[in-house]
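Here is the structure we will look at, set down as structure tokens.
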Number of protein chains: 4
Amino acid sequence: MTSTKKEQILNTALRLFALQGYAETTTFQIAQEAQVTEPLLYYHFKNKEEIFTKILEKIFAEYKQMILNLPSETVTVFDKIENLIRLHLNIASMRPLESRLILAHCPAKLIENGHFCSKILQEQEQLLLDYLITCLKEGMAKKEFKKLDAVNTALVILCFINGLFRRKLFEQQHFPYEETAIVFCRNSLLL
Amino acid sequence: MTSTKKEQILNTALRLFALQGYAETTTFQIAQEAQVTEPLLYYHFKNKEEIFTKILEKIFAEYKQMILNLPSETVTVFDKIENLIRLHLNIASMRPLESRLILAHCPAKLIENGHFCSKILQEQEQLLLDYLITCLKEGMAKKEFKKLDAVNTALVILCFINGLFRRKLFEQQHFPYEETAIVFCRNSLLL
Amino acid sequence: MTSTKKEQILNTALRLFALQGYAETTTFQIAQEAQVTEPLLYYHFKNKEEIFTKILEKIFAEYKQMILNLPSETVTVFDKIENLIRLHLNIASMRPLESRLILAHCPAKLIENGHFCSKILQEQEQLLLDYLITCLKEGMAKKEFKKLDAVNTALVILCFINGLFRRKLFEQQHFPYEETAIVFCRNSLLL
Amino acid sequence: MTSTKKEQILNTALRLFALQGYAETTTFQIAQEAQVTEPLLYYHFKNKEEIFTKILEKIFAEYKQMILNLPSETVTVFDKIENLIRLHLNIASMRPLESRLILAHCPAKLIENGHFCSKILQEQEQLLLDYLITCLKEGMAKKEFKKLDAVNTALVILCFINGLFRRKLFEQQHFPYEETAIVFCRNSLLL
DNA sequence: TATGAATGAGAATTCATTCAT
DNA sequence: AATGAATGAATTCTCATTCAT
């Protein structure tokens, strides 16, 4: 119930950054579509960059929570990996704007020149890697998975998830190969 | 071996668009780094957009050739899929600027609003899909591969390649899991 | 009595457009002579064209009022025509910039390609024609004027007024033949 | 049979200057529509201004000839004035581009700042005035015309002709009041 | 919290003109 | 006589940002 205008600004900016890109979105456009005046942007945020940054922080925080909330107890070990894949595909459907924002700016804006995001991105990636490495080791220990190099395979699965995520997001129509993707991964890992 | 000024412009623009993004690159910067004057850009090209477009056309044409040049005779059917994966990872190393240009602009600039690239992108994707579907069917016919849904699996492999390509490109250090990736895919497909 | 910056812009633009022409006047020059910065032009007006348009609208509105304010009761019918002639000669003296602006742009910029002014110009002309036709008919009915074709004569008088107006405006020195012009017209019309 | 390209340039420039105005016409456009390259413009003419000047000189020379060719022997004195009026209306029909060029640039470009045309214009005007004054005096001497101030009346008739000329030129449809105009003038002058 | 007015810096693009050939 | 390549100097317009209120 608080600060509705500030939220309007953030929501509008999220949408515009996601759909048009950061550089292609003007502060005027944000103000106009958020139904506020431009100076108000500068009342609530230091500058355009900070609007972007705040949005990212929120997205990353939520994403991190989702990863941490994944069930730690599952019937099979592969279920955990399956959960991770499905989580990402769900995010692409449920949070298309947030997903686009990240993907569209990922190499160009986020990774370069010591952007604060590069740190967050690395951290997040480490989280995923740890999750996957633990799974893989557990799966091998329980003889559920083939023998494999846990670290490298975790990285490969990460690439796979990233590729699936990206495609689901930019696929205009539906994405009918979720099951195929799971099977593809399972076949690769299971003994 | 001196390049013409037109080529200097295209090379500089390629680099800047790849490293900074289209919107973040100014015509002034292109001119300056290409050691020409700004109006010369407009002598050789209609506008900034056309510089971008010409670069893309060239990249896409070369990429298409590479796909078409993949060997049609291989020892195993999986070799063909392996070749496709390795080709993309090679492109990421050998043509980092061209690769970045495409990836960095792919969702935001290329796919949207009837950009000429969306047609080329679709065409190129179809090329890859046809290649993969043919491989998968052949592999199943020869009892080399498991029984699987050729179309959906082709799409899934595409996502996989895309994910690998992207990571290799943005991985600052080396990319030591190429072999792991090949194994991951082979394990999934082979009987 | 200090004028706002917006007014300064309009006044300066009026002067420059009138003296140099629209195309020959730069936004930089307007800003400089109006003692404002260039972006302020774009804060108050959409673009250069709109500055021109707003000026024209004002001029036309005032001109229309002047026509409508002409006395409807006069001693002789010819007085009305005389009033119309004198009004235009007065406008040329009292509003030289506005007059020049219209005349200098009249064929080239105003009439062509659906410019909003072509509508206004036609409307204004119809106003004058109606005024003249009514006079002529009244003059004939009252046996003050010769028998003549009212519509065509009205058009001819319009040409005459236009020619006088233009000359008065561009005559460097004074314009000593106002009386001669009135006599010329009276001689032509009166029985 | 000589220098056809030079003529193409002049003809194209005449058309473009007449239809769009001097400032609105680019040398590129002239070159393109004349089917030559831009540097050729500078081979044949010192600069853009000179192209304009050469065109004007030709127009003025031809115009002067037309005035001088008017018959010096006529049945009535008014016939001479009628001839002058009809000549101008004919020029408007037969030489619309040349007429437009003059009218469209007359105040803004031609009269100002010591443009060479201001001299020619003045000279031409003197020619017309002399012609008219001579007629008027002759008409009065022969008791064909009323008693009037020859100089001022000549100027007034000049305005009248100018007004007719201008209207005929910019009247989209036909110009049906030529006869009315002649009658208007005759009524004014004749005893 | 909110805004109308204003601006410095710079963006893309144009244009008359020139130079080497 | 003719041109392809090139440019200095502008031109219109934009944009993130600030200031006074």
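Both backbone and side-chain heavy atoms feed into the values below; hydrogens, waters and symmetry mates do not. This structure is a prediction, so every number in the text was calculated from the model and none was measured. A, B, ... follow the sequence lines: proteins, then strands. Residue 1 opens every chain.
Sequence order on DNA chain E of the closest nucleotides to Q35(A) and T37(C) puts Q35(A) first from the 5' end.
With E7(B) contributing its side chain and T4(B) its backbone, the two residues share a donor-acceptor pair below 3.5 Å. Without hydrogens or angle criteria, K48(B) side chain to T25(B) main chain gives a donor-acceptor distance under 3.5 Å.
Between Q29(D) atom CD and dC15(E) atom C1' there is a gap of 12 Å when expressed in whole angstrom units. Residue E24(C) contributes atom CD, which lies 11 Å from atom P of dT12(F) at whole-angstrom precision. When the C1' atom of dT3(E) is taken as reference, atom CD of Q32(A) falls 15 Å away, rounded to whole Å. If you measure from atom CZ of F45(A) to atom P of dA16(F), you get 15 Å, rounded to the nearest angstrom. Rounded to an integer number of Å, the gap from CZ of F52(B) to P of dA12(E) is 14 Å. Atom-to-atom, CG of L40(C) to C1' of dT14(F) comes out at 14 Å; the value is rounded to the nearest Å. The CG-P distance, from L41(B) to dA11(E), rounds to 13 Å in whole Å.
OP1 or OP2 of dT7(F) lies within a sub-4.0 Å distance of a side-chain N or O belonging to K5(B). Remark: H44(B) is in phosphate contact with dA6(F), judged by side-chain N or O atoms under 4.0 Å from OP1 or OP2. Dashed line: the shortest gap from a side-chain N or O of Y43(D) to OP1 or OP2 of dA2(F) is not under 4.0 Å.
With a 3.5 Å limit on both pairing distances and Watson-Crick or G-U wobble geometry required, the stems of 3 or more pairs in DNA chain E span E:2-21 with F:2-21.
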Could you go through residues 52-60 of chain D and list every donor-acceptor pair under 3.5 Å that involves a side-chain atom there, pairing it with any protein atom two or more places apart or in another chain?
| residue | atom | partner | partner atom | Å |
| --- | --- | --- | --- | --- |
| T53(D) | OG1 | E49(D) | O | 2.9 |

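Using cut-offs of 30° and 60° for the angle between ring planes, the H105(A) and Y22(A) rings count as perpendicular.
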Worked check of side chain to side chain donor-acceptor pair (under 3.5 Å) between E33(C) and T12(C) = CA-CA 7 Å; E33(C) 301 200 11; T12(C) 306; over 6 Å; no

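In this structure, the separation between CD on E38(D) and CG on L40(D) is 11.0 Å, given to the nearest 0.5 Å.
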Would you mind building the protein contact string for nucleotides 16-21 of chain E? One character per nucleotide, 5' to 3', B for base within reach (heavy atoms under 4.0 Å), S for sugar-phosphate only, - for untouched.
-> BBBB--

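Relative to the six-membered ring of Y43(A), K6(A) misses at least one condition, a distance below 6.0 Å or an angle of at most 45° to the axis.
Within 6.0 Å of CD on Q122(C) lie no more than 12 heavy atoms contributed by other residues, nucleotides or ligands.
Listed here is the closest heavy atom pair of Q29(B) and E24(B): OE1-O, 4.1 Å.
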